[in-house]
Amino acid sequence: MEWLTHILVPVAAVAGGMAAGGMMIAVLGAPLLLTLPPQRYVALHQLLVTRFDPFMPACLLTALAANLVLAVTVSADAARVLYAVAVLLLAGTVLVSLTRNVPINKWLKTLDPESLPPDFDRLLHRRVRWRDWNLVRASFTLVALGVDAVAIGVLL
């Protein structure tokens with residue numbers, strides 16, 4: 001099974017790094033999004049979501065699967081525990097994404113930026129909620145990447 005470890009360690013690290021990078025783009029861009037007028041916010045959010053999907057879910061699920069297999073197959077006990085921790089963190093990212101961010105994304109996708117509901121300005125809290133939950137999932141993903149890095153150190 002050592003050959004599998006040699007394949008999955010870089011897969012987990014690269015996929016996790018790409019997922020963490022995508023999350024950081026969203027974290028760093030969120031303050032700008034919160035300042036935009038409603039029409040521009042909806043249009044930009046719709047544009048960004050179509051660029052991040054399906055890229056982000058593919059990276060995240062690849063990292064999750066690679067870490068899961070590593071948690072079961074690596075020979076070093078410490079690395080096995082670290083990969084299991086990464087699995088839990090990445091599963092947390094998936095859970096937050098599916099239950100918090102994706103529903104808001106789907107709702108925003110249904111809107112016409114040129115014909116927003118009259119009460120849209122009152123719905124600023126959805127922008128803030130999306131940003132706050134994105135910080136949670138980005139934190140999970142970044143910590144999982146750090147845990148993977150430590151696991152690589154253990155395996156060396």
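Model, not experiment: these values are computed from the prediction. The figures here come from the full heavy-atom set of this structure, side chains too, leaving out hydrogens, waters and symmetry mates.
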Check Phe120 against Pro38 and note the closest heavy-atom contact, atom names and distance.
-> CD2-CB, 3.3 Å
Any link between Leu8 and Leu68 through a network of hydrophobic side chains (Ile, Leu, Val, Met, Phe, Trp, Tyr) touching at under 4.5 Å?
-> no
Residues that Ile104 engages under side chain to side chain contact (heavy atoms under 4.5 Å, CB included), provided they are two or more places apart = Leu108, Arg129, Trp130
Joint hydrophobic cluster, Leu98 plus Leu90, side-chain heavy atoms closer than 4.5 Å | yes
Are Leu32 and Trp133 grouped together when hydrophobic residues (ILVMFWY) are joined by side-chain heavy atoms under 4.5 angstrom apart?
-> no
Checking side-chain contact (heavy atoms from CB on, under 4.5 Å) against Leu70, which of Val9, Leu82, Val11, Val87 comes through?
-> Val9
Donor-acceptor list for residues 142-156 side chains, cut-off 3.5 Å, not counting sequence neighbours:
residue : atom : partner : partner atom : Å
Asp148  : OD2  : Asn67   : ND2          : 3.3

I'd like a table of donor-acceptor pairs (distance under 3.5 Å, sequence neighbours excluded) in which one partner is a side-chain atom from residues 15-29, with atom names and distances.
none

Is it possible for you to say whether Val102 and Val49 belong to one hydrophobic cluster, with membership spreading through side-chain heavy-atom contacts below 4.5 Å?
-> no
Within the side chain of Glu2, is there an N or O that forms a donor-acceptor pair under 3.5 Å with the backbone of Ser75?
-> no
Taking all non-hydrogen atoms of both residues, which atom of Arg131 and which atom of Leu34 are closest, and how far apart?
-> NH1-CD1, 3.2 Å
Is any side-chain heavy atom of Pro117 less than 4.5 Å from a side-chain heavy atom of Leu111?
-> yes
Among the clusters formed by ILVMFWY side chains lying less than 4.5 Å apart, do Leu116 and Leu47 turn up in the same one?
-> yes
